[in-house]
Amino acid sequence: MLLRHVVNGKLRTECIAGDFYPKATDSRTPYRHNVAGLLDLNGDGRLEIILLSSYYEGGATSVWQFGQGKVERRIETGCGA
C-alpha cells in the first residue's frame with residue numbers, strides 16, 4: 001500500500017504496508033491490503049487511514065496517522081494462525 005502526500009512542498013511516496021519477496025518460493029503467503037476508510041478518529045481535524053490486511057488464515061486492522069511529515073501506525077489488532 002503506497003501513500004503519496006506533500007511534505008514541505010515536495011511530493012513524498014511512502015510504503016505503509018506491503019510484502020516483498022526477492023525470490024519465488026512456495027512457502028510465502030502474501031497479505032492483501034485494502035483501505036477501509038479515511039476518518040478523523042481522534043478529532044484533530046486530520047484524516048486517519050484505516051487499513052484492512054488479510055491472508056488466507058487471518059487478518060488485521062490498523063490505523064495510520066499523519067504527523068511530523070510522515071505517516072505512522074498508531075494502533076493495530078489482528079488474529080490468525
Side-chain angles (χ1 to χ4, degrees):
M1 181 69 59
L2 297 176
L3 175 70
R4 298 187 87 187
H5 57 113
V6 177
V7 177
N8 297 325
K10 295 184 180 181
L11 186 62
R12 177 181 286 177
T13 302
E14 292 184 60
C15 178
I16 62 173
D19 302 301
F20 301 94
Y21 304 108
K23 294 184 180 183
T25 177
D26 291 335
S27 64
R28 304 284 186 205
T29 304
Y31 276 79
R32 181 178 180 153
H33 304 284
N34 295 298
V35 174
L38 301 170
L39 303 167
D40 182 8
L41 297 173
N42 61 5
D44 68 353
R46 294 185 286 174
L47 296 176
E48 281 76 49
I49 302 163
I50 298 93
L51 191 65
L52 299 179
S53 302
S54 61
Y55 67 106
Y56 80 104
E57 289 184 342
T61 301
S62 56
V63 175
W64 297 77
Q65 180 182 38
F66 290 96
Q68 305 300 321
K70 60 184 175 180
V71 180
E72 299 175 306
R73 183 174 42 218
R74 289 297 180 193
I75 190 169
E76 181 175 38
T77 186
C79 65

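What you are looking at is a predicted structure, and each value in this text was computed from that prediction instead of being measured.
Counting heavy atoms from C-beta outward, L52 and Y31 have side chains that stay 4.5 Å or more apart. Looking at F66 and H5, their side chains come closer than 4.5 Å, going by heavy atoms from C-beta outward. Between N34 and R32 the shortest side-chain heavy-atom distance falls below 4.5 Å. Using a 4.5 Å heavy-atom threshold, the side chains of I16 and R73 count as separate.
Note on L3: it clusters hydrophobically with V35, by side-chain heavy-atom contacts below 4.5 Å among ILVMFWY residues. A continuous path of hydrophobic side-chain contacts links V71 to M1 [ILVMFWY only; heavy atoms under 4.5 Å].
Around CG of L39, the count of heavy atoms belonging to other residues, nucleotides or ligands within 6.0 Å exceeds 12.
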Distance-only donor-acceptor pairs under 3.5 Å for side chains of residues 40-51, two or more places apart:
| residue | atom | partner | partner atom | Å |
| --- | --- | --- | --- | --- |
| D40 | OD1 | G43 | N | 3.0 |
| D40 | OD1 | D44 | N | 3.2 |
| D40 | OD2 | G45 | N | 2.9 |
| N42 | OD1 | D44 | N | 3.2 |
| D44 | OD1 | R46 | N | 2.9 |
| E48 | OE1 | L41 | N | 2.7 |

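Of the inter-residue distances, the one linking S53 atom OG with E76 atom CD reads 7.0 Å to the nearest 0.5 angstrom.
The two atoms that bring G18 and H33 nearest to each other are N-NE2, 3.8 Å, heavy atoms only.
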